[in-house]
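Heavy atoms only: backbone and side chains are in, while hydrogens, waters and symmetry mates are out. Residue numbers begin at 1 in each chain, while the letters A, B, ... track the order of the sequences.
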Amino acid sequence: MAAIELDNLQKQYSGGVTALRGVDLEVREGEIFGFLGPNGAGKSTTINILLDFVRPSGGSARVLGLDAQEDSQQVRRRTGVLPEGYTVYNRLTGRQHVEFVVESKGADDYAQEILERVGIEDAADRKAGDYSKGMKQRLTLGMALVGDPDLLILDEPSTGLDPSGVQDVRRIVNEEANRGTTVFFSSHILSQVEAVCDRVGILREGELVAVDTVEGLRDAAGTEARLRVSVGEYGPEDIGAVRVLDGVSEVTQLDGELIVSVADGTKTKVITTLEDRGVSVTDFETEEVSLEELFLSYTGGSK
Amino acid sequence: MSWTAVAKKDFQDALRSRAIWAISVVFILLSVVIAYVYGSFSADELGIEEKTAERLVFFLASNITLFVSITALVIAYKSIAGERESGSLKILLSLPHTRRDVLVGKVLGRGAVLAIPVVVALAIGAAVGSALIGAVAAQALLALLVVSVLFTFAYVSVIVGLSAMTESTTRASMLTIGFLVLFRFLWGVVSIGTVWASNGFSIPDTLPDWIFVVNQIPPSGAYTTLLYALVPGQTGNAADIDAFYGTPWLGAVVLLFWLVVPAAIGYRRFSKADL
């Protein structure tokens with residue numbers, strides 16, 4: 001059974017903004033899935049549909065085998081959530097927050113243990129309104145852990161955390177995954193999911209543009225390289241000749257240099273083609289494309 | 001039942017608000033002053049025919065409706081719109097609560113926050129007043145407590161229902177203040193205006209019987225009328241009217257309407273909304 005199953009999921013808000021344009025996705029039980037994309041790509045809309053905060057305009061969403069709309073209460077009983085854009089109850093203490101979740105879920109956790117896991121046990125009896133942004137994030141993460149959920153949904157969990165906080169999130173995600181919990185977490189920063197995720201999905205303007213393992217993405221990135229060729233005089237027809245070569249995806253001109261995006265094994269062909277056409281090649285070097293650049297190319301960013 | 005967790009959290013949250021404590025203290029003092037005045041002054045000075053233990057109930061009741069309606073607005077207009085605006089609703093609804101649990105929990109939690117000072121103030125006022133006049137009208141005082149608690153929950157329910165209709169606290173404040181102004185301060189004008197319009201734009205010499213019904217529409221009107229139904233030996237205006245609606249129990253019907261209907265309408269809108 002899939003932990004999350006999206007079938008042609010669509011959402012158009014009443015204001016006319018289209019947030020999701022038919023997303024199909026299957027997150028397997030027990031995996032750590034990274035949901036990537038720039039801000040505004042539709043990540044939070046997807047998560048909000050999983051939790052029935054927002055109703056889809058088309059398609060369907062199933063969570064833990066249950067319909068996300070019809071059986072939402074059942075879904076949320078088995079899911080721990082760190083939402084995005086939340087605020088805590090300023091007048092209640094950290095402990096009262098956790099106790100409220102324990103009571104709401106009919107769980108038997110001790111508030112103290114939860115607060116220790118997220119490292120804010122010393123602030124347990126202070127009003128959450130006086131917490132720093134990072135402590136609020138830790139508190140909310142702790143609340144998501146109550147009741148040993150089958151699914152953990154973390155929307156931009158690193159927001160407001162310092163590096164040690166980010167590391168704690170990573171540790172907790174791994175601990176939870178080790179006891180069989182499926183973790184679905186969103187981020188707009190690749191490096192945050194790279195180290196922990198089994199698979200990632202990349203969302204762009206409401207469409208899922210890639211779903212793969214991190215290695216799979218790395219392989220895809222590794223097969224392309226950038227060739228910088230220092231050349232003498234050349235004409236537009238020379239560029240054309242390189243562009244039509246198999247394995248060449250892009251050619252850009254940069255004062256006295258050609259930058260060619262090229263697949264492995266086509267590099268020499270680029271050089272010989274130029275030389276055969278009488279263009280003098282004075283120097284060349286290749287650069288590997290990083291995973292980060294690949295991610296940016298998927299999401300339409302530029303570096 | 002999941003709404004109990006919501007109600008309990010809401011109640012805890014409100015108990016930490018200094019404003020609630022301050023308002024409660026003022027209300028209790030006011031109640032004691034009223035009881036003292038009633039106990040110490042003569043019937044002539046008070047402007048009533050006879051000073052009875054039953055009559056004390058209406059003196060104590062006199063400041064309830066204003067206190068409750070204003071305080072209910074202050075403590076509940078943000079109850080749902082505010083949580084939507086700030087995002088704390090996302091925490092609440094990521095837990096296994098339905099939107100109905102949230103609305104019912106809010107009405108009960110905030111209703112209790114307000115009902116407690118109401119009951120305490122009335123009980124202290126009743127004790128002081130009864131001691132001063134040397135007589136206790138137990139049934140009348142019990143009726144006062146019951147009707148006041150019903151009124152409190154009805155009013156809080158209206159305000160929470162209005163708060164559920166919008167995601168902006170600004171709009172929630174306009175809706176709730178509008179309700180208060182119309183039903184609390186302008187209703188006399190509406191009432192007399194209806195008579196004037198239905199009588200060919202002039203005021204008749206005697207008011208029609210049905211004006212009684214119009215006057216019961218505001219929660220505060222229904223509150224006083226229901227009190228007449230339950231306090232022995234008191235009749236109020238209903239007795240003068242010879243029609244099926246000429247009964248003080250109409251007040252109970254109206255209070256139940258306010259308890260249920262606005263909250264149900266608010267729930268319908270809230271349950272369909274994208275958060």
Side-chain angles (χ1 to χ4, degrees), chain A residues 11-15 17 19 44-45 47-57 71-93 95-97 99-107 127-129 136 139-140 143-144 146-147 149 152-155, chain B residues 1-22 75 78-106 108-110 113 164-169 268-275:
Chain A
K11 177 63 189 178
Q12 184 159 23
Y13 285 102
S14 47
V17 178
S44 287
T45 297
I47 288 175
N48 287 341
I49 290 174
L50 297 179
L51 299 170
D52 196 33
F53 293 172
V54 163
R55 278 57 190 263
S57 333
D71 309 314
S72 176
Q73 197 177 11
Q74 192 64 23
V75 166
R76 287 176 284 134
R77 193 163 285 142
R78 296 169 55 195
T79 305
V81 184
L82 171 60
E84 166 270 352
Y86 66 89
T87 54
V88 296
Y89 293 101
N90 289 336
R91 291 196 294 248
L92 297 182
T93 65
R95 188 190 305 281
Q96 282 173 322
H97 275 83
E99 280 167 354
F100 172 54
V101 180
V102 170
E103 188 175 345
S104 296
K105 287 193 152 179
K127 286 185 192 179
K136 287 176 183 167
L139 171 62
T140 314
M143 290 160 71
V146 169
L152 207 49
I153 295 179
L154 310 175
D155 200 351
Chain B
M1 285 302 250
S2 167
W3 50 260
T4 52
V6 178
K8 190 179 147 196
K9 178 210 64 77
D10 227 48
F11 185 73
Q12 281 182 332
D13 194 13
L15 279 191
R16 292 219 171 193
S17 152
R18 287 203 191 96
I20 294 290
W21 288 94
I75 66 172
K78 280 205 233 170
S79 56
I80 291 182
E83 287 219 24
R84 268 173 90 172
E85 197 173 80
S86 75
S88 54
L89 193 63
K90 287 190 170 174
I91 290 188
L92 201 51
L93 282 176
S94 68
L95 300 172
H97 303 296
T98 63
R99 296 190 194 186
R100 185 185 290 138
D101 292 332
V102 170
L103 196 125
V104 172
K106 292 275 175 195
L108 294 180
R110 307 223 169 180
V113 167
M165 290 188 192
T166 169
E167 60 184 324
S168 127
T169 50
R268 263 186 78 82
R269 285 199 62 155
F270 181 46
S271 68
K272 287 182 184 160
D274 282 340
L275 304 179

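Here the CZ-CZ distance, from Phe53(A) to Arg84(B), works out to 12.0 Å after rounding to the nearest 0.5 Å. How far CD of Gln12(B) is from OH of Tyr89(A): 12.0 Å, rounded to the nearest 0.5 Å. Rounded to the nearest 0.5 Å, atoms CG (Asn90(A)) and OG (Ser17(B)) are 12.5 Å apart. Atom CZ of Arg100(B) and atom CD of Gln73(A) lie 10.0 Å apart (nearest 0.5 Å). To the nearest 0.5 Å, the span separating CG on Asp274(B) from OG on Ser57(A) amounts to 8.0 Å.
The 12-atom threshold is exceeded at CZ of Arg55(A), counting heavy atoms of other residues, nucleotides or ligands nearer than 6.0 Å. No more than 12 heavy atoms of other residues, nucleotides or ligands lie within 6.0 Å of NZ in Lys78(B), so this atom counts as exposed by the packing criterion.
Here the shortest heavy-atom pairing between Ala5(B) and Glu103(A) reads CA-OE2, 3.9 Å. Between Val81(A) and Ser94(B), the shortest heavy-atom contact is CB-CB, 3.6 Å.
Contact tally against chain B (heavy-atom pairs below 4.5 Å) for Val146(A), Val54(A), Thr87(A), Asn48(A): the top residue is Thr87(A). Of the residues considered (Leu275(B), Asp13(B), Val6(B)), Asp13(B) shows the highest number of contacts with chain A, using heavy-atom pairs under 4.5 Å. The residue among Thr79(A), Val75(A), Leu92(A) with the most heavy atom pairs within less than 4.5 Å of chain B is Leu92(A).
Considering only heavy atoms from C-beta on, Lys127(A) comes within 4.5 Å of Arg16(B) through its side chain. Looking at heavy atoms from C-beta onward, Leu95(B) lies out of side-chain contact with Arg76(A) at the 4.5 angstrom threshold.
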Q.
Pair Glu84(A), Lys90(B) - check salt bridge (Lys or Arg N to Asp or Glu O under 4.0 Å), show working.
A. CA-CA 8 Å; Glu84(A) 166 270 352; Lys90(B) 287 190 170 174; 3.5 Å; yes
